Amino acid sequence: MGLPKTHRLRRGRDFQQVYAQGLKRRGRYLILRAWFSATDNPTLVGISIGKKVSKKAVVRNRIKRQIRGAIRQYLPNLKPGWKIAIVVKSEAQTCEYEHFLRELKQLLIQAEVWHGH
RNA sequence: AGAGUUGGCGAGGUGGUUGCAGAUUGUGGCGCACAGCGCGACCCAAUCUGAGGAAAGUCUGGACUCCCGAAAGACCAAACUUGCUGGGUAACGCCCAGUGUGGGUGACCGCGAGGAGAGUGCCACAGAAACAUACCGCCGAUGGCUAGAAUCAAAUAUUUUGGCACAGGUAAGGGUGCAAAGGUGCGGUAAGAGCGCACCAGCAGUAUCGAGAGGUACUGGCUUGGUAAACCCCGGUUGGGAGCAAGGUCGGAGGGGCUAUGGUUGGUCUUUUUCCAGCCCCGCUUUUUGGAGUACCGCUAGAGGUGUUUGGUAACAAACAUCCCAGAUAGAUAACCGCCCUCUAGAAUUUCUAGAGAACAGAAUCCAGCUUAUGUCCAACUCUUUCU
RNA sequence: ACGCAUUUAGAGCAACUUGGUAGCUCGUUUGAUUUAGCAUCAAAAGGUUACAGGUUCAAAUCCUGUAAUGUGUA
């Protein structure tokens, strides 16, 4: 359930811009940072997960894949032109796929990135 | 049956749907430019490929790249946990085979295993003393002092008996300690001591076996605490440093148009000039898009994998055949389903039903090792008990 | 990728160089003092020196391996 390259947030500069100027929504397992670039470019999504979540690369990669799969499922519902960074909290270690799905939807609606139709 | 020891295979297989990354292909789309050929970094489709035995820790050895230095070679210095022997390897501190030694009833396992007969240091407490000595003790044969007896006419002479423990002898015994000068026994002596003998242990020499480390036998004299994972000595090895975040490319690039000249290829031509066509370069202009970032190279064909044969006890090597097998860069492997296989449980008696396929764990320049983490299965061997 | 450092009582630290009975401060517990508490005084408990192996007569210390934690360069 990967994410196409065109929808990935890749540069450190973009991440810093999102952190500095974007709005912030807090969930139980995730923190959502989003910034509207005022263009029609595809919405970019990046995931940040620190070593404090887990020291094992396998665990971190699995969480990343699960979040990325959830984002891909919601991709048609997102408004264009946003830059989104998702920060994983250490509680997410024991989390299931459905939890990510539910929480992501909630956060996206809160941040008004969600496209209602 | 129980308890162990060692070694090995493999990390379920296969098909489908959706999805991600790379490569290749496309009278495909889209964009640019067009008479046409075309170009593209975007999209789509098809095909192929897509994590490990440890990818990990980063403990070693290399390949590769750059910087500094030197250019054969010798000596000195420095560094190195380099240190039994022989072999393997590109190399190693790794591997294999052996020797010695320690452990285990055994299968088997561990070992940095040169030198303390060059020097220095240290060996707390205890003890006289920790490497050179003598506290208690034993002796006091010999010498000394002293008392008596005998010989003699007599003696201070000679002989002899005793005492002292003064010189001296001794290292058996006691005590201390991890460790006290080879051990045990007999002889020997004033008392003792390898002083002598026997056995054991150690050392040296000779012979012999072995490629060697070493093994065995004989002979000899009779002796030398431990520590070098303390400094050190000896032998051995080595240009030094940094590391793919090494190092390199790009200060515009791609496409189109125009102008003049030059180069080159082809055609016309016997040849040259001329002419025509294509490509490249310089300049101008137009359009698209990026702009110091993993954008591109390095970047994955390698001391490569698999199989067979041969050589070798083995590690391993050689020959032949065959295959191409991840290349991401905020970093690609996931989700679901069917069948087969294996295991477990239940029903039941060879079928059905249910569950599980777990664990450790994710490539980031690449190899060779080591170490650590971890689940299943198989084989060989050992010991104990019971039965035949 | 290449390094560096640390690990000792509940907490913070000594002792390691030069091996020889593991200490200090705070905290804890008990007692004294006080009507009571704090403070003070006296005493006590609390350690597999991160783990495993080795050298040594003897290891927190020396050597090797492992683990955990922190940290530097770009």
Side-chain angles (χ1 to χ4, degrees):
Chain A
M1 301 286 267
L3 196 62
K5 249 184 178 176
T6 44
H7 287 285
R8 289 186 208 162
L9 190 63
R10 304 171 75 175
R11 298 191 200 294
R13 195 177 305 158
D14 290 340
F15 271 88
Q16 276 171 15
Q17 195 175 34
V18 171
Y19 287 144
Q21 302 173 19
L23 51 88
K24 185 171 177 181
R25 292 290 179 273
R26 215 185 283 270
R28 186 168 170 200
Y29 306 114
L30 309 169
I31 298 172
L32 184 84
R33 314 294 296 260
W35 179 73
F36 186 57
S37 64
T39 60
D40 279 341
N41 293 331
T43 291
L44 307 179
V45 180
I47 301 161
S48 174
I49 177 164
K51 266 193 179 174
K52 280 188 180 173
V53 176
S54 172
K55 293 202 67 172
K56 297 176 183 176
V58 174
V59 174
R60 294 199 304 271
N61 282 342
R62 196 181 59 233
I63 292 170
K64 262 188 184 175
R65 287 195 199 109
Q66 286 173 342
I67 292 172
R68 219 181 287 134
I71 291 281
R72 207 187 73 82
Q73 206 168 335
Y74 292 146
L75 213 52
N77 294 325
L78 299 184
K79 293 180 185 172
W82 286 80
K83 289 183 180 177
I84 298 170
I86 294 164
V87 180
V88 180
K89 295 165 78 174
S90 54
E91 285 85 351
Q93 203 177 339
T94 57
C95 204
E96 296 292 322
Y97 179 63
E98 304 145 21
H99 294 140
F100 285 126
L101 271 177
R102 209 176 312 134
E103 174 147 333
L104 262 176
K105 185 170 180 179
Q106 202 178 352
L107 287 170
L108 288 168
I109 288 169
Q110 274 179 18
E112 297 174 4
V113 183
W114 190 265
H115 198 270
H117 310 296

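Residue numbers start from 1 in every chain, and the chains themselves are labelled A, B, ... in the order their sequence lines are given, proteins ahead of strands. Just so you know, these numbers come straight off a predicted model, no measurement behind them.
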Report summary line: So the stems of RNA chain C, runs of at least three Watson-Crick or G-U pairs (under 3.5 Å), are C:1-7 with C:67-73, C:10-13 with C:23-26, C:28-32 with C:40-44, C:50-54 with C:62-66
Requested in this report: Please state the P separation for the pair B:rU224 and B:rC109 - nearest whole angstrom.
Outcome: 43 Å
Query raised in the report: Rounding to the closest angstrom, what is the interatomic distance between B:rA107 and B:rA63 at atom C1'?
Result: 44 Å
Report summary line: From CZ of A:Arg60 across to P of B:rA56 the rounded distance in Å is 13 Å
**Report entry** Base-pairing assignment for B:rG221 (Watson-Crick or G-U wobble, both under 3.5 Å)
**Finding:** none
Query raised in the report: For A:Ile47 and B:rA332, what is the distance between atoms CD1 and P respectively, to the nearest whole Å?
Result: 10 Å
Query raised in the report: Rounding to the closest angstrom, what is the interatomic distance between C:rU61 and B:rG115 at atom P?
Result: 28 Å
Report summary line: Re B:rA46: Watson-Crick or G-U wobble partner, both distances kept under 3.5 Å, found to be B:rU24
Query raised in the report: Which whole number of Å gives the distance between the C1' atom of B:rA229 and that of B:rG93?
Result: 15 Å
Report summary line: d(A:Arg33 CZ, A:Arg26 CZ) to nearest 0.5 Å is 8.5 Å
Requested in this report: Could you pull out the closest heavy-atom pair between A:Ile84 and A:Ala34, with the gap in Å?
Outcome: CG1-CB, 4.1 Å
Report summary line: To the nearest 0.5 Å, atom CD1 of A:Ile67 lies from atom CD of A:Glu103 at 9.0 Å
**Report entry** Nearest-angstrom distance, C1' atom, B:rU372 to B:rU388
**Finding:** 49 Å
Query raised in the report: Can you check B:rU353 for me, syn or anti if syn means within 90° of 0?
Result: anti
Report task. Just compare B:rA330, B:rG331, B:rA334 and give me whichever is closest to any side-chain atom of A:Arg68. Result -> B:rG331
Report summary line: Value for CD (A:Gln106) from CG (A:Leu32), rounded to nearest 0.5 Å, stands at 11.5 Å
Query - B:rC325, syn or anti by chi within 90 degrees of zero - result: syn
**Report entry** C1' spacing across the pair B:rC42 / B:rC30, given as an integer number of angstrom
**Finding:** 8 Å
**Report entry** Complementary nucleotide of B:rA41, counting Watson-Crick and G-U pairs under 3.5 Å
**Finding:** none
Query - B:rG119 - base-pair partner by Watson-Crick or wobble geometry, distances under 3.5 Å - result: B:rC231
Query - Complement of B:rC258, any strand, by Watson-Crick or G-U distances under 3.5 angstrom - result: B:rG283
Query - Working for side chain to side chain contact (heavy atoms under 4.5 Å, CB included), residues A:Ile86 and A:Leu104 - result: CA-CA 9 Å; A:Ile86 294 164; A:Leu104 262 176; 3.8 Å; yes
Report task. Report the base-pairing partner of B:rC125 (Watson-Crick or G-U wobble, both distances below 3.5 angstrom), or none. Result -> none
Query raised in the report: If the C1' atom of C:rC24 is compared with that of C:rA9, how far apart are they to the nearest Å?
Result: 12 Å
Requested in this report: Just label C:rA44 as syn or anti from its O4'-C1'-N9-C4 or O4'-C1'-N1-C2 angle, using within 90° of 0 for syn.
Outcome: anti
Query raised in the report: Is A:Arg65 near enough to B:rU333 that one of its side-chain N or O atoms lies under 4.0 angstrom from OP1 or OP2?
Result: yes
Report task. Can you tell me, in whole Å, how much space there is between the C1' of B:rU382 and that of B:rU105? Result -> 10 Å
**Report entry** Pairing nucleotide - B:rU294, Watson-Crick or G-U, each distance under 3.5 Å
**Finding:** none
Report summary line: Taking a pair to mean Watson-Crick or G-U wobble geometry with both distances below 3.5 Å, B:rA180 pairs with none
Report summary line: Its glycosidic angle compared against 90° from 0, B:rG53 adopts the form syn
Report task. Give a yes or no answer on whether the side chain of A:Gln110 reaches the backbone of A:Arg25 with a donor-acceptor pair at less than 3.5 Å. Result -> no
Query - Given RNA chain B, 5'-ward residue of the pair A:Asn61 and A:Lys64, judged by closest heavy atom - result: A:Lys64
